[in-house]
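Contents: one structure, followed by commentary.
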Amino acid sequence: MAPEVSRKFDPKFKNAGKQPGLQIWRIKEFSVEDVPKELYGNFFEGDSYIILHTKNSNAFDVHFWLGRKTSQDEMGTAAIKTVELDDALGGLPVQWREVQDHESALFFTYFKNGIKYLDGGHESGFNHVVDKLENFKPKLFHCKGKRNVRCTQVPVVKESLNLGDVFILDKGKDLYVWMPPESGRLERMKGVQQAESIRDQERAGRPKIHVLDGDWNTNAEWWKHFGGKQSVGWIKSPYGGGQDENYWLDKTAEITLYRCSDSSGKLTVEKIKTGHPDAKSLDTKDAFIVDADIGGGIFVWIGKQCNPTERKNAMDWAAQFLEKQMRPKWTQVVRVLEGAEPEAFTQWFGNWNEAKKPVQHQPKLFQVSNESGKLHVEEIADFYQEDLDGDDVMILDGINIIYVWVGAGANKDEKEHAKATAEIYLKGSSQLPNYKNMRSLLFH
């Protein structure tokens, strides 16, 4: 039985999902406005957004993105408008809540050049991005990440710089991509791509791009914004940090299944089981929360016979659950509907294919680096052969075989610890019920 949906939704969503691809709206004064396509990938830290990815006429992913400085009113409006978009699409989408700096790997696949965080919010209007080039005030962007590159606007001061990351100085008619010696190859590539995106998409090809590589410490035009060349020796080394060696063990911590109800007028959450959940426990008449801990996020599963109010309240339930459990506000939240569950959800159930609609599990690719001094892991969604990075260790989970690919440019520690890293992954992933079968490691 298909979920009952309302016919009332924002007129801005009239053409939503008509064509495959991406559509983005920004929340403004309790309503939504279309984001110009040339600005896709730009997000104001003070705003909330709705992102629709249409695969086909029956398959959609809806993400609502919350900037770290967005208001409670905008967050609430984003949630309401997401429900309206859900109605406009027949109640079919998988819903993802994305919080700035903690976006999902799937989210990044929509923005091949990375994403850019800008100061301000809707009160500045889109002209804050598409500024007139006359009297342009310089902006500085800090580009961080291996594959999932985030470019965050930071103050144009020497204290913002470090020797391990790429920075873009945007002067309107000129774009400077600064590549200090300890920055990574992929960050350099993404930095240039982001500068090209600013030039070609936002400013019709007018600016000139200057890549500062060999002259990173001597370029006078760059350094005049940071106290002159004498500041070079003051710039700090890259920050340490990143995930530690327990990344996969944390990700596969014990899972808890809860049944949700608001029949009394107040949300009640009943714990069903701790440990690997049973797919047969999911009742089509009810809603459930699957808590996969910090590494895996939480999922709100809505049965086909749930009423429209329960479907609309799913994300609000998730927020209440996170608060009661004292979990970080940035915890990944995904709402899934019975019959349209993504693999990110079904992987936690050992008997899914026997109890529910069979799901074909897909290979997963991870990039592993200890460039910062600690193990850092990034999942690469929707990957291709070109995503293999010669500077790092890559792990391909081929379901029955774990492939470990050691890049020629990987550093000594990464090469020496590649096997141990893969064994940690194998130990962690083997805790997932769908991966209890015999798995082996194969090195390249």
Side-chain angles (χ1 to χ4, degrees), residues 113-117 138-171 174-199 207-244 367-378 380 386-394 405-418 421:
N113 294 326
I115 59 179
K116 191 156 84 264
Y117 302 141
K139 301 183 182 74
L140 183 66
F141 295 95
H142 177 194
C143 300
K144 184 70 176 173
K146 279 283 188 178
R147 289 292 173 173
N148 301 334
V149 176
R150 301 170 169 90
C151 292
T152 305
Q153 188 174 353
V154 294
V156 187
V157 295
K158 64 183 179 181
E159 288 81 4
S160 294
L161 303 175
N162 74 74
L163 298 179
D165 295 323
V166 170
F167 290 79
I168 299 174
L169 180 65
D170 181 357
K171 294 185 63 180
D174 291 277
L175 297 161
Y176 293 82
V177 185
W178 189 67
M179 301 177 172
E182 296 178 48
S183 59
R185 182 181 67 88
L186 285 177
E187 283 178 339
R188 295 180 179 209
M189 289 173 56
K190 292 290 186 178
V192 171
Q193 290 173 3
Q194 186 64 252
E196 291 174 342
S197 176
I198 295 172
R199 179 193 65 191
K208 182 177 180 181
I209 295 175
H210 309 266
V211 177
L212 310 185
D213 190 353
D215 60 341
W216 70 274
N217 58 347
T218 61
N219 186 277
E221 186 61 31
W222 170 272
W223 286 107
K224 79 178 186 181
H225 295 277
F226 303 98
K229 297 179 186 177
Q230 64 270 21
S231 298
V232 173
W234 186 90
I235 304 303
K236 54 186 174 290
S237 290
Y239 296 110
Q243 292 125 329
D244 62 22
Q367 181 158 4
V368 185
S369 171
N370 74 340
E371 193 173 55
S372 64
K374 279 192 172 184
L375 189 70
H376 183 80
V377 180
E378 282 186 285
I380 303 171
E386 291 77 10
D387 287 310
L388 292 175
D389 179 13
D391 288 345
D392 287 317
V393 171
M394 312 289 291
W405 185 85
V406 181
N411 64 43
K412 184 172 180 288
D413 285 343
E414 288 167 341
K415 290 179 178 179
E416 289 180 351
H417 294 96
T421 298

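Worth saying up front: this structure is predicted, and the values here are computed from it rather than measured. No hydrogens, no waters, no symmetry mates; every other heavy atom, side chains included, goes into these values. Residue numbers run from 1 in the order of the sequence given.
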Donor-acceptor pairs under 3.5 angstrom involving side-chain atoms of residues 225-233: please list them, not counting sequence neighbours.
residue: H225; atom: NE2; partner: K171; partner atom: NZ; Å: 3.4
residue: K229; atom: NZ; partner: T218; partner atom: O; Å: 3.3
residue: Q230; atom: NE2; partner: G227; partner atom: O; Å: 2.7
residue: S231; atom: OG; partner: F226; partner atom: O; Å: 2.8
residue: S231; atom: OG; partner: G228; partner atom: O; Å: 3.3

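- The shortest non-hydrogen separation linking L175 to P207 is CD1-CB, 4.0 Å.
- Counting all heavy atoms, side chain and backbone alike, V166 lies closest to S183 at CG2-CB, 3.9 Å.
- Residues K116 and F141 meet the side-chain proximity criterion, which asks for heavy atoms closer than 4.5 Å.
- Annotation: the span from H142 atom NE2 to I168 atom CD1 amounts to 11.0 Å, rounded to 0.5 Å.
- Put simply, the side chain of F167 does not reach to within 4.5 Å of the side chain of L169, judged on heavy atoms.
- With values rounded to the nearest 0.5 angstrom, L140 atom CG is found 6.0 Å from L161 atom CG.
- Side-chain contact between I235 and N217 is absent, with no heavy-atom pair separated by less than 4.5 Å.
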Check the pair E221, D174 against side chain to side chain contact (heavy atoms under 4.5 Å, CB included), reporting the backbone distance first and the verdict last.
CA-CA 10 Å; E221 186 61 31; D174 291 277; over 6 Å; no
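- With sequence neighbours excluded, the residues that form a side-chain hydrogen bond (donor to acceptor under 3.5 Å, both in side chains) with Y117 are E103, R150.
- Taking CH2 of W178 as the reference point, atom CH2 of W223 lies at 5.0 Å (rounded to 0.5 Å).
- To the nearest 0.5 angstrom, Q367 atom CD is 9.0 Å from W405 atom CH2.
- Closest approach of C143 to V149, counting heavy atoms only: CB-CG1, 4.2 Å.
- We find the CG-SG distance between D170 and C151 to be 11.5 Å, quoted to the nearest 0.5 Å.
- Side-chain atoms of V192 and M179, non-hydrogen and from C-beta on, do get closer than 4.5 Å to each other.
- L163 places a side-chain heavy atom less than 4.5 Å from the side chain of W216.
- Atom CG of D215 and atom NE2 of H210 lie 11.0 Å apart (nearest 0.5 Å).
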